[in-house]
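From a predicted model like this one, the values you see are computed outputs, not experimental measurements. Basis for what follows: all heavy atoms, side chains included, without hydrogens, waters or symmetry-related copies.
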Amino acid sequence: TSPGSTLLNAVADREWFHRRYTELSGSPVDPAVVDTFAALGALMLFAIMTTGLRVYATGDTKDIRLAWTRFVLPGVRQDLSRLMGWPSAG
């Protein structure tokens with residue numbers, strides 16, 4: 001099972017959102033484009049989180065919240081693997 005919400009950005013049902021977007025914009029949602037930007041977002045989040053973790057690990061900050069980012073990384077990796085169509089470990 002995947003951690004987190006099945007909702008789009010934990011807010012809205014994905015199919016409803018895509019259908020409503022198409023109704024309002026007149027343009028269909030291209031799933032490949034959505035997946036591309038979701039993958040880029042996951043990579044950006046991964047970079048931000050690992051930077052925070054590195055800053056804490058090297059002692060450049062004492063902010064414990066940056067150490068907690070390590071708990072986010074497996075979920076981001078799993079999301080990215082799913083988006084890229086890579087086989088999951090396990």
Quiz item: side-chain hydrogen bond (donor to acceptor under 3.5 Å, both in side chains) with Glu15: which residues, sequence neighbours excluded?
Solution: none
Self-check item: Residues forming a side chain to side chain contact (heavy atoms under 4.5 Å, CB included) with Ala38, sequence neighbours excluded
Solution: Leu83
Practice problem: Go through the structure and list residues passing side chain to side chain contact (heavy atoms under 4.5 Å, CB included) with Trp16, not counting sequence neighbours. | Solution: Ala12, Asp13, Arg19, Arg20
Self-check item: Straight-line distance of Arg77 CZ to Trp86 CH2, nearest 0.5 Å
Solution: 9.0 Å
Quiz item: Who else is in the cluster with Val33 when I, L, V, M, F, W and Y are joined by side-chain contacts under 4.5 Å?
Solution: Phe37, Leu40
Quiz item: Where do Asp63 and Arg65 come nearest, in terms of heavy atoms and distance?
Solution: OD2-NH2, 2.7 Å
Quiz prompt | Gap between atom OG1 of Thr69 and atom CD1 of Ile64 - 0.5 Å precision | solution = 10.0 Å
Quiz item: By side-chain hydrogen bond (donor to acceptor under 3.5 Å, both in side chains), which residues pair with Arg70, not counting sequence neighbours?
Solution: none
Quiz item: When Ile, Leu, Val, Met, Phe, Trp and Tyr are grouped by side-chain heavy atoms lying under 4.5 Å apart, directly or through other members, which residues fall in the same group as Val29?
Solution: Tyr21, Val34
Quiz item: Can you pull the side chain to side chain donor-acceptor pair (under 3.5 Å) pairs that have at least one residue in residues 33-58, sequence neighbours excluded?
Solution: Thr58-Asp60
Practice problem: Output the rest of the hydrophobic cluster of Val76: all Ile, Leu, Val, Met, Phe, Trp and Tyr residues reachable through side-chain heavy-atom contacts under 4.5 Å, sorted by chain and number. | Solution: Leu45, Phe46, Met49, Leu53, Val72, Leu73
